[in-house]
Amino acid sequence: MGEEARALDMETSEENTTRRNHIDHDVMVDLYPLSSYYFGSRDALRVKDEIISDRVIRLKSNYAAHGLRTCVEAVLLVELFKHPHVLLLQFRNSIFKLPGGRLRPGESDIQGLKRKLGSKLSINENVVVPGLEVGECLGMWWRPNFETLMYPFLPPNVKHPKECSKLFLVRLPVHQQFVVPKNFKLLAVPLCQLHENEKTYGPIISQIPKLLSKFSFNMMEI
């Protein structure tokens with residue numbers, strides 16, 4: 001009986017050690033309450049209003065001039081009701097976007113993303129938002145041709161893709177000021193609402209909960 005108890009204690013100890021090691025090796029992300037951030041507005045940002053055929057023409061023109069088009073977008077997380085929320089830009093009440101945009105020729109991913117975050121979330125579009133830490137790339141989507149579909153992989157038969165979109169996890173500081181163009185809204189959307197909700201948020205944003213599944217979230221109290 002004593003030997004069985006000791007064996008059980010050893011198994012329990014090993015399980016606890018394994019669990020602790022697993023947690024230690026998880027990637028931890030600190031999430032701060034939505035209430036610790038300030039949200040304001042500034043002058044509207046000019047947005048290209050075009051039909052799909054116009055967009056295809058623009059893509060072809062850009063590709064002819066610069067080659068592969070690369071876009072970078074930020075996944076910004078906050079805490080609300082003890083649940084992770086993603087900050088999304090809403091345009092015209094029906095279009096949801098992650099903050100970010102197209103890189104300039106020769107511009108690095110991080111430099112371009114910081115510049116784009118300034119244009120979307122700063123009081124002055126030419127000023128970089130301070131305190132943001134650009135982390136790892138969560139995923140990449142490819143546009144094999146000039147059609148609208150993008151894929152989370154590059155088909156082996158495609159030698160010259162037309163566009164690549166990269167998602168980066170961007171960690172927020174304890175406090176931050178976000179100033180958004182008045183023709184956009186900055187919304188905090190819970191992960192559970194995004195999950196596989198492609199109809200509302202599109203094929204990329206709806207996959208964010210899966211991309212974040214390897215992370216552990218530390219809900220910080222202010």
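These numbers come from a predicted model, not from an experiment. Computed over heavy atoms, backbone and side chain alike; hydrogens, waters and symmetry mates excluded.
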Exercise. What's the verdict on side chain to side chain donor-acceptor pair (under 3.5 Å) for Y32 and Q176, showing C-alpha distance, side-chain angles and the deciding distance?
Worked result: CA-CA 10 Å; Y32 298 98; Q176 188 62 266; over 6 Å; no
Exercise. Passes side-chain contact (heavy atoms from CB on, under 4.5 Å), R115 versus V128? Steps please.
Worked result: CA-CA 6 Å; R115 176 178 60 83; V128 175; 5.8 Å; no
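- Looking at W141 and C164, their side chains never come closer than 4.5 Å, going by heavy atoms from C-beta outward.
- A donor atom on one side chain and an acceptor atom on the other are not found under 3.5 Å apart for E163 and Y63.
- Cluster annotation: I204 and L149 are assigned to distinct hydrophobic clusters (Ile/Leu/Val/Met/Phe/Trp/Tyr, side-chain heavy-atom contacts under 4.5 Å, transitive).
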For this session: Take K114 and V129 through the test side-chain contact (heavy atoms from CB on, under 4.5 Å) and record every step on the way to the result.
Result: CA-CA 7 Å; K114 288 183 176 180; V129 181; over 6 Å; no
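- For the residue pair V75 and L169, the shortest heavy atom distance occurs at O-CD1, 3.7 Å.
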Exercise. After noting the C-alpha distance and the side-chain angles of E133 and V170, does the key distance pass the side-chain contact (heavy atoms from CB on, under 4.5 Å) rule?
Worked result: CA-CA 5 Å; E133 179 188 343; V170 177; 5.9 Å; no
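- Here the side chain of K162 pairs a donor or acceptor atom with the backbone of H160 at under 3.5 angstrom.
- K210 and E196 are joined by a salt bridge, as a carboxylate oxygen and a charged side-chain nitrogen come within less than 4.0 angstrom of each other.
- If you chain together hydrophobic residues whose side chains sit under 4.5 Å apart, L211 and F96 fall into the same group.
- Among all heavy-atom pairs drawn from V174 and S36, the shortest one is O-OG, 3.0 Å.
- Considering CG of L89 and CG of L76, their distance stands at 9.0 Å, rounded to 0.5 Å.
- Heavy atoms from other residues, nucleotides or ligands lying under 6.0 Å from CD1 of I123 number 12 at most.
- No donor-acceptor pair under 3.5 Å is formed between the side chain of S61 and the backbone N or O of R58.
- The hydrophobic clustering, which links ILVMFWY residues whose side-chain heavy atoms are closer than 4.5 Å, places F215 and M219 together.
- Across L154 and P161, no two heavy atoms sit closer than the pair CD1-CB, 3.8 Å.
- Residue F168 comes nearest to G135 through the heavy atom pair CD2-O, 3.5 Å, listed as atom of the first residue, atom of the second, then distance.
- The distance from atom CG of L88 to atom CD of Q193, rounded to the nearest 0.5 Å, is 9.5 Å.
- Taking 4.5 Å as the limit, some side-chain heavy atom of K120 sits within range of a side-chain heavy atom of L45.
- At most 12 heavy atoms of other shown residues, nucleotides or ligands fall within 6.0 angstrom of atom CZ in F81.
- Separation of atoms NE2 (H195) and CD1 (I205) is listed at 15.5 Å; rounding is to 0.5 Å.
- Contact of the V47 side chain with the F184 side chain is registered, since non-hydrogen atoms from C-beta on lie closer than 4.5 Å.
- Atom CZ of R42 is separated from atom CG of N183 by 9.0 Å, given to the nearest 0.5 angstrom.
- Under the 4.5 Å side-chain criterion, counting only non-hydrogen atoms from C-beta, L132 is in contact with P173.
- Residue E147 places its CD atom among 12 or fewer non-hydrogen atoms of other residues, nucleotides or ligands, all under 6.0 Å distant.
- The shortest side-chain heavy-atom distance between L212 and L138 falls under the 4.5 Å cut-off.
- In this structure, CG on L80 lies 5.5 Å from CG on L34, to the nearest 0.5 angstrom.
- The closest side-chain heavy-atom distance from W142 to V158 is not below 4.5 Å.
- Under a 4.0 Å N-O distance rule, the pair E221/K82 qualifies as a salt bridge.
- Note on ring orientation: taking the six-membered ring where Trp is involved, the planes of Y37 and F178 are tilted (angle from 30° to 60°).
- In this structure, A74 and L98 approach most closely via the heavy-atom pair O-CD2, 3.5 Å.
- Hydrophobic clustering (ILVMFWY, side-chain heavy atoms < 4.5 Å, transitive): I222 and L172 are in one cluster.
- Ring orientation note: the planes of H85 and H83 are nearly perpendicular, at an angle over 60° on the 30°/60° scale.
- Taking all atoms of both residues into account, the shortest heavy-atom contact from L113 to G100 is CD1-CA, 4.3 Å.
- E136 has no carboxylate O lying under 4.0 Å from a charged side-chain N of R171, or vice versa, which leaves the two without a salt bridge.
- No single ILVMFWY cluster, assembled from side-chain heavy atoms under 4.5 Å apart, contains both V56 and L68.
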Problem set entry | Steps toward side-chain contact (heavy atoms from CB on, under 4.5 Å) verdict (V72, L103) | CA-CA 7 Å; V72 287; L103 294 180; 3.6 Å; yes
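- A 4.5 Å side-chain heavy-atom check between T70 and R102 finds every atom pair outside the cut-off.
- Side-chain contact between F217 and L77: present, with at least one pair of heavy atoms (C-beta onward) separated by less than 4.5 Å.
- If you take OG on S165 and CZ on R143, they are separated by 8.5 Å, rounding to the nearest 0.5 Å.
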